[in-house]
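Read through the structure below, which is laid out as structure tokens, and then see the notes.
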2 protein chains.
Amino acid sequence: MSDTRWLSAEEMRAWRGFLAASALVNRALDQQLKDDCDLSHPQYEILVRLAAEPEGELRMTELANGLVNSKSGLTYQVTQLEKAGLVRRRTCPTDVRGVFAVLTEAGRARLAEAAPGHVAAVRAHLIDVLTPEQLTAIADGLGEVSSRLRATGH
Amino acid sequence: MSDTRWLSAEEMRAWRGFLAASALVNRALDQQLKDDCDLSHPQYEILVRLAAEPEGELRMTELANGLVNSKSGLTYQVTQLEKAGLVRRRTCPTDVRGVFAVLTEAGRARLAEAAPGHVAAVRAHLIDVLTPEQLTAIADGLGEVSSRLRATGH
DNA sequence: CCTCGGTAGTTCGAATTCGAACCACCTTTG
DNA sequence: CAAAGGTGGTTCGAATTCGAACTACCGAGG
């Protein structure tokens with residue numbers, strides 16, 4: 001570990017861009033969601049993942065895995081969503097320890113209401129700013145990056 | 001705003017990749033820094049920015065602007081760094097309200113100590129995973145994304 | 001059947017975040 | 001010079017985050 005391979009100018013540019021963009025985009029979206037529909041970005045993500053399931057429900061652990069949050073963070077957010085009536089908890093019939101988070105009708109409705117604005121913001125801040133080539137490169141590159149991190153760290 | 005332009009599969013892939021990568025990479029780096037040298041990622045960024053200045057000092061506001069944090073967040077982190085002896089506050093001679101954050105010798109030393117491990121982690125998790133084309137696309141694309149967000153929202 | 005190791009989720013405390021309110025000061029204008 | 005408005009930073013309270021400890025339970029081995 002004596003000599004370090006420092007970042008080249010190009011690499012530094014990519015790193016700084018990535019760092020700044022990830023903070024700023026996240027911030028902007030969080031803002032938009034909170035202003036327009038009283039949801040935090042993490043909460044929105046939970047709703048999306050539940051809505052993607054055929055039954056509209058998912059085990060807490062599965063939800064935590066696919067998601068950014070720690071397990072305890074998930075517990076917190078699901079509790080918030082439950083207070084807001086957007087999600088309901090259901091204990092798993094075959095395993096008393098297990099808990100499903102279930103999307104309620106209100107939750108589904110709220111998501112439907114929130115989605116257009118959210119997608120528009122994602123476009124405005126990120127997607128529509130990129131050229132098609134950049135878009136593909138990001139999908140491929142960052143997809144690889146995240147799947148590696150998921151594999152090891154998690 | 002009646003009909004929404006939803007994301008295509010490719011766009012969704014890019015968005016998900018971006019979202020996951022930004023969370024996971026940030027997390028991994030924060031972890032590495034905390035484990036190896038008792039610094040949070042925001043703290044490390046502050047040190048880097050100070051070290052990049054010829055005098056090793058910067059006004060609080062300038063620091064906050066170039067950085068991810070809100071002003072109050074910056075106050076907090078600088079206070080932490082001050083407690084750790086890595087940074088010192090100095091009031092601006094020509095404007096009593098103004099405050100410079102000044103990198104101390106200890107701060108410079110800590111940064112020098114932390115940098116190799118940090119760079120290695122950035123390489124391992126992000127840079128070295130990308131092809132040169134992806135790297136350039138990310139530098140260009142996300143650079144543009146972040147400068148636009150800086151311009152408007154900030 | 002009973003114990004043991006592992007798993008599911010929650011709870012706890014500490015750290016960090018943000019925006020809004022605030023204070024002190026600068027600077028412009030009349 | 002005095003008033004008014006803007007700026008630089010900090011303080012405040014509320015929300016959110018994390019990991020570690022904890023509780024309760026499942027399932028395998030003996």
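Quick note: numbers below take in every heavy atom, side chains included, and nothing from hydrogens, waters or symmetry partners. Chain letters run A, B, ... following the sequence lines, proteins first, then strands; residues in each count from 1.
A 6.0 Å sphere centred on CG of D38(B) holds no more than 12 heavy atoms belonging to other residues, nucleotides or ligands.
Across all their heavy atoms, M60(A) and T75(A) have their closest contact at CE-CA, 4.2 Å. Closest heavy-atom contact between Y44(A) and A114(A): CE1-CB, 4.0 Å. Closest non-hydrogen pair, W15(A) versus V25(B), comes out as CZ3-CG1, 4.1 Å.
In this structure, the ring-ring contact (aromatic ring centres under 6.0 Å, His included) partners of H41(A), at least two apart in sequence or on a different chain, are H118(A). Applying the salt bridge (Lys or Arg N to Asp or Glu O under 4.0 Å) test to R16(A) and every residue at least two apart in sequence or in another chain returns E45(B).
In summary, contact between chain A and DNA chain D, defined as any nucleotide atom under 4.0 Å from a heavy atom of the protein, begins and ends at dA15(D) to dC26(D) in the 5' to 3' direction.
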Candidate pair L142(A) and L126(B), rule side-chain contact (heavy atoms from CB on, under 4.5 Å), full reasoning: CA-CA 8 Å; L142(A) 297 189; L126(B) 182 74; 4.0 Å; yes
Criterion salt bridge (Lys or Arg N to Asp or Glu O under 4.0 Å) on E62(A) and R49(A), from CA distance to verdict: CA-CA 10 Å; E62(A) 301 224 44; R49(A) 282 181 52 81; over 6 Å; no
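Atom pair R59(A):CZ and dT10(C):P shows a separation of 11 Å (rounding to whole Å applied).
For the 3.5 Å distance criterion, the side chains of T131(A) and E133(A) qualify, holding a donor opposite an acceptor.
Each of S72(A) and G73(B) lies near DNA chain C, and the nucleotide nearest S72(A) is the one positioned closer to the 5' end. Two residues, Q31(A) and V99(A), neighbour DNA chain C, and the one matched to the more 5' nucleotide by heavy-atom proximity is V99(A).
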Could I get a table of every N or O pair under 3.5 Å where one atom is in the protein and the other is in nucleotides 21-28 of chain C?
residue	atom	partner	partner atom	Å
dC25(C)	O2	R97(B)	NH1	3.4

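Listed by first then second residue, pairs satisfying salt bridge (charged side-chain N to carboxylate O under 4.0 Å, His left out) with a partner in residues 64-75 of chain B number zero, not counting sequence neighbours.
Using a 4.0 Å cut-off on heavy atoms, the residues of residues 76-92 of chain B that approach DNA chain C are Y76(B), Q77(B), Q80(B), listed by number.
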